[in-house]
Protein chains: 2
Amino acid sequence: MNISPANLFALLSHDTRLRSVMLLMAVDELCVCEFTAVFGAAQPHVSRHLGQLREAGLLRDRRGGQWIYYRLNPELPSWARDILDAVESGMRDQRPFVDDRAFIADSMDRRACGE
Amino acid sequence: MNISPANLFALLSHDTRLRSVMLLMAVDELCVCEFTAVFGAAQPHVSRHLGQLREAGLLRDRRGGQWIYYRLNPELPSWARDILDAVESGMRDQRPFVDDRAFIADSMDRRACGE
DNA sequence: TCGATATATTCCGAAAAGTGAATATATCTC
DNA sequence: GAGATATATTCACTTTTCGGAATATATCGA
């Protein structure tokens with residue numbers, strides 16, 4: 001991954017992208033339709049921003065059937081990882097991040113119950 | 001200060017602004033002409049970007065004679081301070097930040113010697 | 001193969017950000 | 001007060017980013 005610090009911040013400067021990254025700090029892997037459900041946003045909107053994060057090397061994607069799952073790139077340079085960790089710990093208790101995680105946790109529960 | 005996380009990242013997404021903030025993590029206070037000297041940039045360019053950081057509440061300014069000194073706002077919310085600390089520690093050894101600090105240290109020395 | 005679902009991409013117009021040049025304002029020095 | 005220095009702002013322009021709508025692509029299940 002060849003990304004500059006200023007570039008990383010540009011990626012994090014949009015709410016959709018920031019919330020996506022924050023979610024993936026907590027949940028390991030999510031498919032696009034889950035992002036759209038959490039954000040209440042249109043699918044092309046979410047897909048575009050996830051695409052930008054992927055192109056920059058911040059996220060990796062993987063196809064599983066008709067779904068495409070996104071996760072954090074495990075090979076981020078350490079300085080980028082450090083910053084993301086600080087972002088996560090510094091804003092863990094703020095909205096909308098708490099709500100986003102709660103939403104996902106809830107839908108995971110439902111999935112586990114077979115609903 | 002009423003700044004959102006995404007807003008903070010937008011401020012840090014421009015090299016001039018990022019380098020300015022990084023310098024002020026190390027040096028406490030600098031006037032505009034020192035920034036222009038370090039960056040080798042035009043004065044209006046630097047002034048504009050420092051102005052954005054000030055308007056957003058990230059920096060404070062103070063007039064001292066014909067100079068205007070900028071410093072980090074000491075009343076940043078803790079989450080913002082945490083992120084800045086991580087940025088600083090994560091990129092301390094990278095260019096151009098090392099060089100920027102070296103430049104400033106050098107000119108401080110010269111000032112101390114009365115040159 | 002056909003229809004349904006999930007995702008990505010393209011097109012286009014609007015809004016925002018960035019830049020260089022010129023100019024305005026404030027302060028200092030003489 | 002006049003000129004010099006430091007800083008901020010405005011103007012005109014270019015570039016980038018963003019959003020919505022439409023469309024393309026891929027997979028699944030019957």
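The figures that follow rest on heavy atoms only: side chains count, while hydrogens, waters and symmetry mates do not. Just so it is clear: chains get the letters A, B, ... in the order the sequence lines come, proteins before strands, and each one is counted from 1.
Between B/Phe35 and B/Tyr70, the two ring planes are perpendicular [angle over 60°; tilted spans 30° to 60°].
Between D/dT16 and A/His14, no contact under 4.0 Å exists linking OP1 or OP2 to a side-chain N or O. Listed pair B/His49 / C/dA17 fails the phosphate criterion, with no side-chain N or O lying under 4.0 Å from OP1 or OP2. Considering only side-chain N and O atoms, B/Tyr70 lies nowhere under 4.0 angstrom from the phosphate OP1 or OP2 of D/dA6. For the OP1/OP2 pair of C/dG18 and a distance below 4.0 Å, the side-chain nitrogens and oxygens of B/Arg17 include at least one atom meeting the criterion. Contact annotation: B/Gln52 side-chain N/O to C/dG18 OP1/OP2 distance is under 4.0 Å.
Toward the 5' end of DNA chain C, the nearer of the two residues B/Ser13 and A/Gly51, judged by each one's closest nucleotide, is A/Gly51. Closest-nucleotide positions on DNA chain D for A/Gly64 and B/Thr36 were compared, and the one nearer the 5' end corresponds to B/Thr36.
If you take CH2 of A/Trp67 and C1' of C/dT5, they are 8 Å apart, rounded to a whole angstrom. B/Arg54 places its CZ atom 10 Å from the C1' atom of D/dT7, with the value rounded to the nearest Å. Atom NE2 in B/His45 sits roughly 16 Å away from atom C1' in D/dT9 (whole-Å rounding). In this structure, B/Arg63 atom CZ and C/dT25 atom P are separated by 13 Å, rounded to whole Å. Here the P atom of nucleotide C/dA6 and the CG atom of A/Leu30 are 15 Å apart, to the nearest Å. In this structure, CD of B/Glu55 is placed 11 Å from P of D/dA8, rounded to the nearest angstrom. In this structure, the CG atom of A/Leu59 is 15 Å from the C1' atom of C/dA8, given to the nearest Å. Atom P of nucleotide D/dA8 and atom CG of B/Leu53 are separated by 12 Å, given to the nearest angstrom.
When only modelled atom types and interatomic distance are considered, A/Ser20 and A/His49 share no side-chain donor-acceptor pair under 3.5 Å.
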### Task
Step by step, work out the side chain to side chain contact (heavy atoms under 4.5 Å, CB included) result for B/Leu18 and B/Met22.
CA-CA 6 Å; B/Leu18 177 58; B/Met22 290 289 285; 4.2 Å; yes

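A donor-acceptor pair under 3.5 Å is absent between the side-chain atoms of B/Arg60 and the main chain of B/Glu75, judged by distance alone.
Nucleic acid contact class of B/Arg48 (heavy atoms, under 4.0 Å, all strands): base.
Residue A/Gln43 places no side-chain atom within donor-acceptor reach of the base of C/dA6, judged by atom type and a 3.5 Å distance cut-off alone.
The minimum heavy-atom distance between B/Ile3 and B/Trp79, with the atom names listed, is O-CZ2, 3.2 Å.
Distance from the side chain of A/Ile68 is smallest to C/dA8 among C/dA8, D/dA8, C/dA6. Nearest nucleotide to the A/Pro44 side chain, out of D/dT9, C/dT9, D/dA6: C/dT9.
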